[in-house]
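Down below is the structure, laid out as structure tokens.
The sequence lines fix the lettering, A, B, ..., with proteins before strands; numbering per chain opens at 1.
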There are 2 protein chains.
Amino acid sequence: MRAVIERHLTKLRARDFVSPDHENAIRESIRDYRDIPADRTVIRANVRLDHCTLLVDGVLCRYKDVRSGERQITELHLPGDFVDLHSFTLKRLDQPVMSLTPCRVASIPHDKLRLLTERHPHLARLYWFATNLDAAIHREWEVSLGRRTARAKLSALFCELLMRLQVVGLADESGYDLPLTQADLGDCTGLTAVHVNRTLKELRGDQLITFQNNRVTIHDLAGLRRAGEFDATYLYLERQHC
Amino acid sequence: MRAVIERHLTKLRARDFVSPDHENAIRESIRDYRDIPADRTVIRANVRLDHCTLLVDGVLCRYKDVRSGERQITELHLPGDFVDLHSFTLKRLDQPVMSLTPCRVASIPHDKLRLLTERHPHLARLYWFATNLDAAIHREWEVSLGRRTARAKLSALFCELLMRLQVVGLADESGYDLPLTQADLGDCTGLTAVHVNRTLKELRGDQLITFQNNRVTIHDLAGLRRAGEFDATYLYLERQHC
DNA sequence: CGATTTTTTGACATTCATCAATCTGGGTGG
DNA sequence: CCACCCAGATTGATGAATGTCAAAAAATCG
């Protein structure tokens, strides 16, 4: 049962030193594993929260609906991510979280997190780091949303997901599984599903990537990076932070 | 000399209880006040940092240049804001910070911040909160950038700035000073300067706001909020957080 | 007061959205 | 196992929002 948060620990270890003592403290605080079907609201916005939710498996997103009926996804969460670590200090979420695929999640009460971070300032900084990394990803999305063409937006997104999935061992050179619809990709990039479709066709035609059967197959990573103006420094993949 | 960080303390107090003890600890850690002309890079990206920078006066922005030569501003910083509190855990910035107006800044070494946060876990959470609020603002900008019309983007931006400036006493009912160019507003909203100009004309024609002589004059706040689909909950203006 | 930046306006181009229809593949009940 | 169903993918035709280019007017600055 404990093994299921391995991806989370892998992600932490990739960032900085985590002692066995820390790891045990984390393992013992995580509880309440549960499964969630696709397309469910997992956390509502503006409701007071007393625990944080860890994504064990599946894909979740933060999003906001706008009046016109469209949706903007503001971040995708992958296995090993805390989806609402910011609720520890914010106490509620400004945007809801929903499942895009069937998911498995676990939780950690804010009280435990408080103890954990007061006893281990190093862990406090490590989790603080994690929320700051979230913000860095938001910033990069702002750049995509504001100033990139449809082609570059999608290319950049596929590059980001590749790097993030590699950290937790869910991607290799050839590509990765991504059980999203083209409409979901449109909600991430501010495009319509129709235009995503046309752009994917173009990327396929240019031998960069194929997105089919819930899988991203990368044919030319260098070309994809170029198309998306992708520079991974915003993902802070180097070690030694806090 | 100490009085100059009052806006920062005002902002903290607006969020949660800050004891005199905490305030003194903060005051004693802040140093190295300096003035910066407009249009200067204040912090370069990807350079190792050992201190955080506090904005005392003026407007700074985080931004990223894209290949096409355009710029996307990802956040505006107002007096009282830490502009790179995230550098405490990230150790470097993923995006540079530049001055849009003449600015006054101060700094606090990471070492001091480390002591401050280890001795006062409450302050640690308060500053953690501050970086999470930054992320919430990023999320709202993502929504604007991805799914809002030019008219709504600008309206939402003017609403956000009104609320944020009110917290530090730099705005009243009638409006606020905003020494930015239309090109700067375009860089915030992902629009061209030309289109910003046309959209401002429209907002003026509709008696919502006037932006002239570096001042935003609000004629119809309710109308502006509607035009921008503005809901301030993402700014976490209520007290009692950490 | 000359020089530069910023704002404003017009004509035209482009990207992406919208609307609508068809196609496809996987799932389901009989 | 098959017929049906349905969400998702694909394509075409057309339209709207915003970008581009260019020039003039206005404001700002040294």
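Dashed line: the shortest gap from a side-chain N or O of A:K201 to OP1 or OP2 of D:dT11 is under 4.0 Å. Distances shown here put a side-chain N or O of B:N213 below 4.0 Å from the OP1 or OP2 atom of D:dT28.
The nearest heavy atom of DNA chain C to A:E70 and to B:N197 marks one nucleotide each, and the one closer to the 5' end goes with B:N197. With DNA chain C read from its 5' end, the first of the two nearest nucleotides for B:A183 and A:T149 is the one closest to B:A183.
Distance CG (A:N214) to P (D:dA7): 16 Å, rounded to an integer number of Å. In this structure, the CD atom of B:Q182 is 12 Å from the P atom of D:dT28, given to the nearest Å. Atoms NE2 (B:H195) and C1' (D:dC21) sit 16 Å apart, rounded to a whole Å. Atom CG in A:L191 sits roughly 14 Å away from atom P in D:dT18 (whole-Å rounding). Here D:dA27 presents its P atom at 8 Å from CD of B:Q212, a figure rounded to the nearest Å. Between the C1' atom of D:dT28 and the CG atom of B:D39 lies a distance of 14 Å, rounded to the nearest Å. The interatomic distance linking B:L154 (CG) with D:dA17 (P) rounds to 16 Å, in whole Å.
Taking the charged nitrogens against the carboxylate oxygens, A:R148 and A:E140 do have a contact shorter than 4.0 Å, which makes a salt bridge. Note on A:R62 versus A:D134: salt bridge recorded, some NZ/NE/NH1/NH2 to OD/OE distance being below 4.0 Å. A salt bridge does not link B:K64 to A:E142: none of the charged side-chain nitrogens sits closer than 4.0 Å to a carboxylate oxygen. The pair B:D177-B:R215 meets the salt-bridge criterion, since a charged nitrogen lies less than 4.0 angstrom from a carboxylate oxygen.
No contact: A:L200 has no heavy atom under 4.0 Å from any strand. When heavy atoms are screened at a 4.0 angstrom cut-off, B:G190 is found touching the sugar-phosphate backbone but no base atom.
Side-chain atoms of A:Y236 do not come within 3.5 Å of backbone N or O of A:A130 as any donor-acceptor pair.
Shortest non-hydrogen contact noted between A:F211 and A:L178 is CE1-O, 3.5 Å.
Comparing D:dT18, D:dT11, D:dT20 by their nearest atom to the side chain of A:R198 picks out D:dT11.
Between A:D184 and A:R71, the closest side-chain pair of non-hydrogen atoms falls below 4.5 Å.
Nucleotides of DNA chain C with any atom under 4.0 Å from a heavy atom of chain A span, from 5' to 3', C:dC16 to C:dC19.
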